[in-house]
Amino acid sequence: MCKLDIYAKAELGKSLAGFTLGEKLEDFLHYVDKIVDGNIEEWTVDLALDNTGVLLYEIPNNNGHTIYFSEPQLELRFAKTGTLCVIIAGEGYKGDIFEGGVKIGSRISDINHDLILDDTEDVHYLSDDKGQFIDGIYFVAGGLEVEEDPNAIIEEVRVYNYNLV
């Protein structure tokens, strides 16, 4: 059974904050205190920003669901099959997001691994020895190359597996 753990270590392509990719939506419904039907109310950024509890947003046309936690800042994205495929953590999440004690609030240069900036999304991916993205995790920190801004603060981490969609 899924259980929120703000100290649980992130695992590339597997888990974050005590939640495991591949879990089913129905296992999370006990957390929800508000439901918004996307066929009736259009999604805006204010839905997540104004949320003070745990909000379930039903994506229009039966295209999945997103659960927003206000504290800690967490977002759980479910495919239309009801399978958890993306976990996003921000402020309030205390777990390690990379080896060596790297956490939300650490500097992007604290990640002891090669990173690639995807400047279309302003996110940093881990890089393999050929300079290719390593799928399963990325970090939001400033939007510049590490060399240009090594002191950029990691604001968010995303663990994902799009094969679960």
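- Y160 contributes atom OH, which lies 9.0 Å from atom CD1 of I137 (distance to the nearest 0.5 angstrom).
- Between atom CZ of residue F69 and atom CG of residue D33 there is a gap of 9.5 Å, rounded to the nearest 0.5 Å.
- Aromatic ring centres of F28 and F78 lie closer together than 6.0 Å.
- Listed by chain and number, the residues in a side-chain contact (heavy atoms from CB on, under 4.5 Å) with A8 are D5 (sequence neighbours excluded).
- To the nearest 0.5 Å, atoms CG (L25) and CG (L84) are separated by 9.0 Å.
- From S109, atom OG reaches atom NE2 of H124 across 10.0 Å, with rounding to the nearest 0.5 Å.
- Residues K14 and T20 bring no donor and acceptor atom of their side chains to less than 3.5 Å of each other.
- Taking CD1 of I97 as the reference point, atom CG of D110 lies at 9.5 Å (rounded to 0.5 Å).
- Judged as a side chain to side chain donor-acceptor pair (under 3.5 Å), the pairs with a partner in residues 58-71 (not counting sequence neighbours) are, in order, W43-Y68.
- Between E99 and I111, the closest side-chain pair of non-hydrogen atoms is not below 4.5 Å.
- Put simply, CG on D135 and CG on N161 are 8.5 Å apart, with the number rounded to the nearest 0.5 Å.
- Looking at heavy atoms from C-beta onward, Y57 lies in side-chain contact with I59 at the 4.5 angstrom threshold.
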Dump the intermediate steps for side chain to side chain contact (heavy atoms under 4.5 Å, CB included) on L164 and L21, then the final yes or no. CA-CA 8 Å; L164 297 171; L21 298 176; 3.7 Å; yes
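- Two residues are said to be in side-chain contact when any heavy atoms from C-beta on lie closer than 4.5 Å; Y125 and D118 meet this criterion.
- With sequence neighbours excluded, no residue satisfies salt bridge (charged side-chain N to carboxylate O under 4.0 Å, His left out) with D122.
- The two residues K24 and T83 have their closest heavy-atom pair at NZ-OG1, 2.5 Å.
- For the pair L47 and V36, the minimum side-chain heavy-atom distance is below 4.5 Å.
- Within a 6.0 Å sphere centred on NZ of K34, heavy atoms belonging to other residues, nucleotides or ligands number 12 at most.
- By the 6.0 Å contact criterion, CD on E42 is open, its count of non-hydrogen atoms from other residues, nucleotides or ligands being 12 or less.
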